[in-house]
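All of these numbers come straight from a predicted model, not from anything done at the bench. Throughout, numbering of the chain's residues begins at 1 and tracks the sequence.
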Amino acid sequence: MASLLALLNPNKSAAQDWPNLEKYKKANAELSAPTENEHRVVFMGNSITEGWSNANPDFFKNNSYINRGISGQTTPQMLLRFRQDVIDLKPKIVVILSGTNDIAGNTGPMTLEQIRDNMLSMVELAKANNIFPIVCSVLPAYDYPWRPGKQPNIKIPKLNTMLKAMAEEEGVMYLDYFSEMADDRNGLPKALTTDEVHLTKAGYAEMEKLVQKAIEQVVKNEK
């Protein structure tokens with residue numbers, strides 16, 4: 001019967017793992033506990049974060065940085081896997097970069113308020129587990145090549161204003177990638193992007209400079 005059901009619905013197993021908990025399950029199990037003085041940082045995000053390890057693997061290998069990005073994901077998916085892929089890894093800091101796929105409608109319609117609230121839930125979970133969250137602005141995007149006409153150049157700045165206010169209310173750091181990387185269209189300049197959304201090595205180099213400064217500030221404030 002099980003094999004017959006699998007033939008009738010070959011995507012059943014994929015559909016059941018909506019947040020993609022399987023992706024990092026083995027890697028999480030193999031990860032050793034952090035050392036006493038280790039400032040472990042988990043990067044939670046979507047394709048921007050996942051692609052970072054391909055663009056510059058040494059950025060993660062040479063630091064206590066763990067990449068937990070999954071391409072295409074939205075904030076509700078990340079919220080569902082936040083315990084497994086962040087809390088259980090016992091980091092000092094989590095860098096949360098998300099929201100653009102929500103605006104694109106990857107998992108259905110989402111209001112800016114709903115995106116903000118999912119980010120807030122991740123912040124609250126982190127704080128409750130003594131993890132310092134860094135809330136990142138959504139990166140600039142003029143349009144989505146896979147789903148044009150969603151007006152991210154208008155919606156992303158509005159969402160970022162909401163995320164900044166939320167971070168201030170929660171007393172956590174807001175990392176403003178947008179202001180440093182946007183062009184006059186509220187998009188990414190050609191030197192930083194491959195397709196108006198995803199990044200070149202130069203784009204990641206800009207992010208690395210900004211996030212390193214933010215992490216150093218958090219570590220300094222902890223002492």
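C136 and Y177 make their closest contact through SG-CE1, 3.7 Å (heavy atoms, listed as atom of the first residue, atom of the second, distance). Closest approach of R40 and K90 over heavy atoms only: CD-O, 4.3 Å. Counting all heavy atoms, side chain and backbone alike, K150 lies closest to A104 at CE-O, 3.6 Å. Of all non-hydrogen atoms in P157 and P152, the two that sit nearest each other are CD-O, 3.8 Å. Across every non-hydrogen atom of S71 and E50, the tightest pair is N-OE1, 2.7 Å.
Between the N46 side chain and the T100 main chain, no donor and acceptor come within less than 3.5 Å of each other. Using modelled atom types, one side-chain atom of N67 and one backbone atom of G69 make a donor-acceptor pair closer than 3.5 Å. D17 places a side-chain N or O within donor-acceptor distance of the main-chain N or O of E22, the cut-off being under 3.5 Å. Checked by atom type and distance alone, the side chain of Q114 pairs as donor or acceptor with a backbone atom of T111 at under 3.5 Å.
Applying the 6.0 Å contact sphere to OH of Y142 captures no more than 12 heavy atoms from other residues, nucleotides or ligands. Within a 6.0 Å radius of NZ in K127, other residues, nucleotides and ligands contribute more than 12 heavy atoms.
Between the side chains of T74 and N106, not a single donor N or O lies within less than 3.5 Å of an accepting N or O. A donor-acceptor contact under 3.5 angstrom links the side chains of N56 and E208, judged on distance only. No hydrogens or angles considered: nothing links the side chains of R83 and N129 as a donor-acceptor pair under 3.5 Å. No side-chain donor from either of H198 and T193 sits under 3.5 Å from a side-chain acceptor of the other. Side chains of D85 and N28: a donor-acceptor N/O pair is present below 3.5 angstrom, by distance only.
Between the CG atom in L192 and the CD atom in E206 there is a gap of 6.5 Å [rounded to 0.5 Å]. Expressed to the nearest 0.5 Å, how far CD1 of I115 lies from NZ of K155 amounts to 8.5 Å. From N221, atom CG reaches atom CE of M173 across 6.0 Å, with rounding to the nearest 0.5 Å. Atom CG of D102 and atom CD of Q77 lie 8.5 Å apart (nearest 0.5 Å). With rounding to the nearest 0.5 angstrom, the CD1 atom of I154 is 14.0 Å from the CG atom of L159. With rounding to the nearest 0.5 Å, the separation of CZ in F82 from CE in M44 is 6.0 Å.
Here N118 pairs with T75, P76, L79, M110 under the side chain to side chain contact (heavy atoms under 4.5 Å, CB included) rule; sequence neighbours left out. The ring-ring contact (aromatic ring centres under 6.0 Å, His included) test applied to Y144 returns W146, not counting sequence neighbours.
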- Query: Passes side chain to side chain contact (heavy atoms under 4.5 Å, CB included), H39 versus S64? Steps please.
  - Reply: CA-CA 6 Å; H39 291 286; S64 294; 5.8 Å; no
- List the steps, then state whether side chain to side chain contact (heavy atoms under 4.5 Å, CB included) holds for F178 with L188. CA-CA 9 Å; F178 187 94; L188 286 164; over 6 Å; no
- For K220 and E216, what are the C-alpha separation, side-chain angles and deciding distance, and is it a salt bridge (Lys or Arg N to Asp or Glu O under 4.0 Å)? CA-CA 6 Å; K220 182 180 177 182; E216 288 167 8; over 6 Å; no
- Task: Kindly determine whether K164 and E168 satisfy side chain to side chain contact (heavy atoms under 4.5 Å, CB included), including the steps that lead there.
- Result: CA-CA 6 Å; K164 182 178 181 181; E168 289 174 353; 3.5 Å; yes
- Task: Report the C-alpha distance between F60 and F43 in whole Å, list the side-chain angles of each, state the deciding distance to 0.1 Å, and finish with yes or no for ring pair (Phe, Tyr, Trp, His ring centres under 6.0 Å).
- Result: CA-CA 10 Å; F60 293 88; F43 286 68; 5.3 Å; yes
- Can D117 and M119 be said to form a side chain to side chain contact (heavy atoms under 4.5 Å, CB included), step by step? CA-CA 5 Å; D117 289 348; M119 293 284 281; over 6 Å; no
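Side-chain contact between T49 and R68 is absent, with no heavy atoms from C-beta onward closer than 4.5 Å. Contact annotation: the side chain of V138 approaches that of L163 to within less than 4.5 Å [non-hydrogen atoms, C-beta and beyond]. Side-chain contact check for V41 versus N63: every heavy-atom pair is 4.5 Å or farther apart. Proximity of Q73 to S98: side-chain heavy atoms (C-beta onward) are nowhere separated by under 4.5 Å. Between L139 and I48, some side-chain heavy-atom pair lies under the 4.5 Å cut-off. Contact annotation: the side chain of T194 never approaches that of L199 to less than 4.5 Å [non-hydrogen atoms, C-beta and beyond]. The shortest side-chain heavy-atom distance between V197 and P145 falls under the 4.5 Å cut-off. Taking the side chain as every heavy atom from C-beta outward, V94 and I134 never approach each other to under 4.5 Å.
I70 and L31 fall into different hydrophobic clusters, where Ile, Leu, Val, Met, Phe, Trp and Tyr are joined by side-chain heavy atoms under 4.5 Å apart, directly or via other members. Note on L89 and Y24: separate hydrophobic clusters, where clusters join Ile, Leu, Val, Met, Phe, Trp and Tyr whose side-chain heavy atoms are under 4.5 Å apart, directly or indirectly. Hydrophobic cluster membership is shared by V219 and Y65, with clusters built from Ile, Leu, Val, Met, Phe, Trp and Tyr side chains linked at under 4.5 angstrom. Cluster membership check: Y174 shares its hydrophobic cluster with L112, using side-chain heavy-atom separations under 4.5 Å among Ile, Leu, Val, Met, Phe, Trp and Tyr. Cluster membership for L80 and L21, using ILVMFWY side-chain heavy atoms within less than 4.5 angstrom, is not shared.
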